Amino acid sequence: KNQVEQSPQSLIILEGKNCTLQCNYTVSPFSNLRWYKQDTGRGPVSLTIMTFSENTKSNGRYTATLDADTKQSSLHITASQLSDSASYICVVRGGNKLVFGAGTILRVKS
Amino acid sequence: DTEVTQTPKHLVMGMTNKKSLKCEQHMGHRAMYWYKQKAKKPPELMFVYSYEKLSINESVPSRFSPECPNSSLLNLHLHALQPEDSALYLCASSLTLLGEGYTFGSGTRLTVV
């Protein structure tokens with residue numbers, strides 16, 4: 001069954017700290033993996049998209065990694081800011097479907 | 001223009017009303033999508049249009065009726081909705097089906113009373 005599992009479900013960190021979010025998937029055949037940031041009540045905004053051959057991709061303070069062998073991805077956020085508080089969703093394309101993870105809710109405290 | 005624009009941003013409707021949600025993009029994308037998202041859940045795919053033809057209907061109740069008048073516009077017509085249909089409705093588009101430039105709109109927050 002095609003699934004995307006994210007951990008942790010939620011996370012609270014202090015402003016300025018780093019954090020790492022995890023995404024494990026069983027989607028097959030694999031095409032690409034995307035990370036989105038979604039503010040409450042708004043649409044998801046793309047952070048990175050990675051294909052099979054890419055191991056790391058950065059977008060400012062966001063760095064995504066992909067291990068296609070173990071079917072795992074991570075999103076590392078450096079020097080967190082209050083505006084990073086949001087839900088982070090991992091989405092995997094498998095064939096003609098996008099499979100969404102349930103998301104990690106991140107709260108950054110001052 | 002790199003945006004998907006959804007209107008209205010908020011909508012409150014009664015169970016006997018008829019209303020429409022509108023989605024527009026001018027990026028030359030030929031695939032457009034409707035999603036429904038409940039609080040603290042991931043988006044659920046409802047409909048997919050590819051080259052203005054309905055490509056996927058994920059067994060959505062007939063009280064939701066999509067329409068794609070042209071390659072830039074996607075509407076979702078609503079009729080006789082139930083309170084459980086209250087949700088954030090998201091539109092998305094991409095260059096081709098599930099292809100490059102997959103972009104979401106900001107959504108319409110729908111409340112059915």
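Every value quoted in this text rests on a predicted model; they were computed, and no experiment measured them. The chains referred to below are lettered A, B, ... by the order of the sequence lines, with proteins before strands, and numbering in each begins at 1.
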**Asked** Does some side-chain heavy atom of A/Val91 sit less than 4.5 Å from a side-chain heavy atom of B/Pro42?
**Response** no
**Message:** Under a 4.5 Å cutoff for heavy-atom pairs, which residue among A/Gly41, A/Pro44, A/Ala102, A/Ser31 has the most contacts with chain B?
**Reply:** A/Pro44
**Hphob cluster co-occupancy, A/Val92 + A/Met50, side-chain heavy atoms under 4.5 angstrom** = yes
**Message:** What I'd like to find out is whether the side chain of B/Pro43 reaches to under 4.5 Å of the side chain of A/Phe100, using heavy atoms alone.
**Reply:** yes
**Over all atoms of both residues, closest heavy-atom pair of A/Gln38 and B/Leu90** = NE2-CD1, 4.2 Å
**A/Glu5 atom CD, neighbour heavy-atom count above 12 within 6.0 Å** = no
**Asked** For atom CZ of A/Arg61, is the number of surrounding heavy atoms from other residues, nucleotides or ligands below 6.0 Å larger than 12?
**Response** yes
**Complete:** Counting heavy-atom pairs under 4.5 Å with chain A, the top scorer among B/Val4, B/Leu97, B/Leu88, B/Val48 is B/Leu88
**Request:** Could you grab the distance from atom CZ of A/Arg42 to atom NZ of B/Lys9, nearest 0.5 Å is fine?
**Result:** 6.0 Å
**Message:** Given heavy-atom pairs under 4.5 angstrom as the criterion, report whether the side chain, backbone, both or neither of A/Arg93 touches chain B.
**Reply:** side chain
**Pairwise side-chain contact, A/Leu98 with B/Tyr102, heavy-atom cut-off 4.5 Å (strictly under)** = yes
**Prompt:** Under 4.5 Å between side-chain heavy atoms, hopping through other hydrophobics if needed: is there a path connecting A/Val4 to A/Leu33?
**Reply:** yes
**Request:** Answer with side chain, backbone, both or neither: which region of B/Glu58 has an atom nearer than 4.5 Å to a non-hydrogen atom of chain A?
**Result:** side chain
**Message:** Which atoms of B/Glu44 are under 4.5 Å from chain A, going by heavy atoms: the side chain, the backbone, both sets, or neither?
**Reply:** neither
**Item:** Enclosure of A/Lys71 NZ (heavy-atom neighbours >12, cutoff 6.0 Å)
**Value:** yes
**Asked** Looking at NZ of B/Lys40 and CD1 of A/Ile105, how far apart are the two atoms once the value is rounded to the nearest 0.5 Å?
**Response** 5.5 Å
**Request:** Please say whether more than 12 non-hydrogen atoms of neighbouring residues, nucleotides or ligands are located less than 6.0 Å from NZ in B/Lys38.
**Result:** yes
**Asked** If you count the non-hydrogen atoms of other residues, nucleotides and ligands that lie under 6.0 Å from CD in B/Glu100, is the total more than 12?
**Response** no
**Prompt:** For B/Glu3, does the CD atom have more than 12 heavy-atom neighbours from other residues, nucleotides or ligands under 6.0 Å away?
**Reply:** no
**Asked** Checking A/Gln9 against chain B: side chain, backbone, both or neither under 4.5 Å from a heavy atom?
**Response** neither
